[in-house]
Amino acid sequence: MCGIVSYVGEEPKATRLLLQGLKSLEYRGYDSSGIALLNDTLSVYKNKGKILDLEKSLSTLSDEEREKLDQSICGIGHTRWATHGEPSDINAHPHMDSDGTIAVVHNGIIRNYIKLKKELIYKGYTFKSDTDTEVIANLFSYIRKDLIAKGEYEDFLAMRLLSSRLEGSYALAILLNESVNPNSTQPAKRILLAKHESPLVIGVGQLENFAASDSDTVLQFTDGIIRLADCEFAVISKNTIDIQDFEGNVIKPVIEVLKKNDSLMDKKGYKHFLLKEINEQPTVLSKMLSLIEDSTYENFKLINFNINFAEIEKIYCIACGSAYHSAQALKYILGSWCSLPVDVIVASEFNFQHKLIGERDLVIGVSQSGETADTILALQKAKSAGARLLAITNRPASAINNLCGANTYITPADLEISVASTKAYTSQLMAHYLLALQIATARKAISREFFTDILHNLKTLPVLLDQMLNRANHYKAAAVNFAGYRDFIFLSRGINHTTAMEGALKLKELSYAHASAYPSGELKHGPIAILDENVPVISIAIPSIYPDEQIIYEKIIHNALEAKTRKSPSILLTTDSNQDHVEEFDLVMRIPDIDQLFSPILATIPLQFLAYFIAENLGKDVDQPRNLAKSVTVE
Ligand code: G6P
């Protein structure tokens, strides 16, 4: 979703650094981009489309304009993911006030923007775009002019007045043309920042300072980071950083020194980040297993959560997208190991559930980014209802980590650049197995033998997954057969309903084909009506040594064959040595032998490849699919 980058220094490198910063924000998903530079005047350059399009249009500017780009020492940049108004040059950020004296970039949503816009139009301000952000530019302009006229202008006072009028979420970077305030004693080249429920960090350099939506963007330029807390403002110049909270209290900046992330944008020889990230999965899973804090039966601890799991009566998992799918696995695992009820709820639907929650409930938020607005809001509601909170996230120091504190498990998958989740998803699955093991042992729900068996199975997963990566060509051949279809059905039951949902989502996200997942028993209650030779059915059926789960396997096969009789091209995803009914399918994709209970991680891999190769075959933008955002920071 929208990304912000800002630079102020003394060397004329603002344009280059802003464009570089914007490129490292591309992974968040965007549809347009732009920069504003502060020289003697303010100049804005922005475009619908990719950053490459922005660069192309910058290269066609007049010599005079190019000179401005080459001389700039201060500027702000933005990648936009449309919320108010279609993706267009005009709606792209930065936005200026009617007088062209202020430029603003914004991440978030201003809920009361229509009311403010009417007020400002009445005061004589004009608007060019459909965005809520242009309202911020004009409102700030109005507040500023008023304070200057009274001789009272001060950056923090103006920002406090601004935020007192804004309802919603906003990370802001604002540039001011000082010619309208000739008496100002402030450094002319400075950037005003505000953070309210949207991410923003400051990067501290030598005679230069930065700001961006994520620390990885800033870490390309410097290793000193200041994490703005919610409801804080900052004013940065090349050699000053002043911070105040929304009440006007001065905040002492705390600088963290982090490792520079030079390899962030390196595809390491892979054609796409998605392919690189698929291939990183064995390493991530091995790392997770090696980081288990205590792997004894008596005291198993993934990490030392400050929660008495023996007292928990019910678990609610809240998440969105792939994280939501992963949480379905926790439901099956805990149901099977400890008969503990688990409800998995889409975070944006949690509103209607939180009144049911009490003190003996545990609410687990699962989020790759740790910044998903719906998940944050749901966790906040659960917290006020008195529930205990636990988070599984891939991003340390994210909003969700801040909310859940020590009860946060950080999956060590590192930043995912590709918008569609792969390694973060499988690391969430592994986290669910390990968390379930901690809960089950704390509740004394499983025997030592079963515990040993579970750990053994989990430890084989990275090795088997590594072997599977060599089968990419086998999955590619399958994908080529199916690239022309527009509708797909994914079927499974039990724990692999998770896999069916994730497989369908990957295919939709990457190839834009329609794909739906159903528990296979549901097929005949409706979806069967759409089946014909144009609708392939992909059935995930993994045998089990446990009788209850073997029955699940048999039922999936039975349902898959029902689909086949309706002429649907049929694909079976099963294990290497399974020969049961396989000759009846048009195509069989295989994973190494593994029991159904531990199969979702492995079974996901062929479906990641299938989606990847189909998308590639169709020439789609694999790493940045249209309309999608990696981190959805608005409700
Ligand atoms: C977006 C992304 C998905 C992701 C979902 C939840 O929709 O495109 O890939 O699964 O958000 O994100 P989270 O960061 O909370 O896991």
Side-chain angles (χ1 to χ4, degrees), residues 1-3 25-31 79 81-83 107 197-199 213-214 216 273-274 277-278 317-330 344-350 363-380 390-404 408-411 413-429 431-432 498-499 501-512 515 517 604 607-608 611-612 615 620-635:
M1 201 148 262
C2 304
L25 291 166
E26 280 190 302
Y27 77 95
R28 298 166 74 89
Y30 72 111
D31 46 56
T79 49
W81 186 85
T83 55
N107 177 6
E197 294 176 4
S198 281
S213 299
D214 66 27
D216 289 295
F273 282 109
L274 190 106
E277 287 157 8
I278 288 177
C317 281
I318 45 184
C320 309
S322 295
Y324 168 77
H325 297 158
S326 81
Q328 298 284 349
L330 184 66
V344 185
I345 302 166
V346 168
S348 52
E349 289 293 305
F350 189 70
V363 176
I364 304 178
V366 189
S367 170
Q368 183 283 128
S369 63
E371 298 289 351
T372 300
D374 287 325
T375 312
I376 295 169
L377 198 73
L379 281 172
Q380 283 164 340
L390 189 153
I392 297 173
T393 179
N394 197 35
R395 306 300 295 148
S398 54
I400 284 174
N401 183 187
N402 286 346
L403 197 62
C404 299
T408 306
Y409 175 69
I410 309 284
T411 48
D414 284 339
L415 193 65
E416 258 186 347
I417 300 288
S418 176
V419 169
S421 186
T422 51
K423 62 175 179 171
Y425 172 74
T426 46
S427 71
Q428 285 161 357
L429 286 178
H432 295 320
T498 305
T499 315
M501 287 194 292
E502 180 61 9
L505 183 69
K506 280 301 84 97
L507 193 55
K508 272 189 280 227
E509 287 178 318
L510 298 182
S511 76
Y512 317 152
T604 302
L607 303 182
Q608 291 174 344
Y612 171 73
K620 302 296 185 207
D621 187 348
V622 170
D623 284 331
Q624 289 160 24
R626 69 179 181 200
N627 303 339
L628 294 182
K630 179 92 191 143
S631 155
V632 181
T633 50
V634 293
E635 283 172 56

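When a ligand or atom number is given, it counts from 1 through the structure's own listing order. Numbering starts at 1 and runs along the sequence shown. For clarity, every value in this text was computed on a predicted model and none was experimentally measured.
- Near Gly321, meaning under 4.0 Å from one of its heavy atoms, ligand 1 places the atoms 10 (O).
- Between the side chains of Tyr425 and Asn394, no donor N or O sits under 3.5 Å from an acceptor N or O.
- The side-chain hydrogen bond (donor to acceptor under 3.5 Å, both in side chains) test with Arg395 singles out one residue from Asp216, Asp414, Asp214, Thr408, and that residue is Asp216.
- Scanning the protein heavy atoms around atom 4 (C) of ligand 1, the nearest turns out to be Ser322 N, 4.2 Å.
- Of the possible donor and acceptor atoms, one in the side chain of Thr79 sits under 3.5 Å from a partner among the backbone N and O of Gly3.
- The shortest contact between atom 9 (O) of ligand 1 and any protein heavy atom is with Val419 O, 3.6 Å.
- Considering only non-hydrogen protein atoms, atom 12 (O) of ligand 1 sits nearest to Thr372 OG1, 3.4 Å.
- Shown here for His325 and Thr498, the closest heavy-atom pair between the two residues is O-CG2, 3.0 Å.
- In this structure, a donor-acceptor pair under 3.5 Å is present between the side chains of Tyr30 and Glu26.
- By the 4.0 Å N-to-carboxylate-O rule, Glu416 lies close enough to Lys630 to be salt-bridged with it.
- At a cut-off of 3.5 Å, with distance as the only test, no side-chain donor of Thr393 or Asn401 sits close to an acceptor on the other residue.
- Checked by atom type, the side-chain pair Lys506/Ser322 shows a donor-acceptor distance below 3.5 Å.
- Geometrically, ligand 1 and Gln368 share a nitrogen or oxygen pair separated by less than 3.5 Å.
- Taking any N or O of Ser367, backbone or side chain, at least one lies under 3.5 Å from an N or O belonging to ligand 1.
- When only non-hydrogen protein atoms are considered, atom 3 (C) of ligand 1 lies nearest to Glu509 OE2, 4.2 Å.
- Of all atoms in ligand 1, numbered sequentially from 1 with element shown, those under 4.0 Å from a heavy atom of Cys320 are 5 (C), 6 (C), 10 (O).
- Looking at Ala629 next to ligand 1, an N or O pair under 3.5 Å apart turns up.
- With a heavy-atom cut-off of 4.0 Å, Lys630 touches ligand 1 through its backbone alone.
- Using a 4.0 Å heavy-atom cutoff, Val632 is listed among the residues neighbouring ligand 1.
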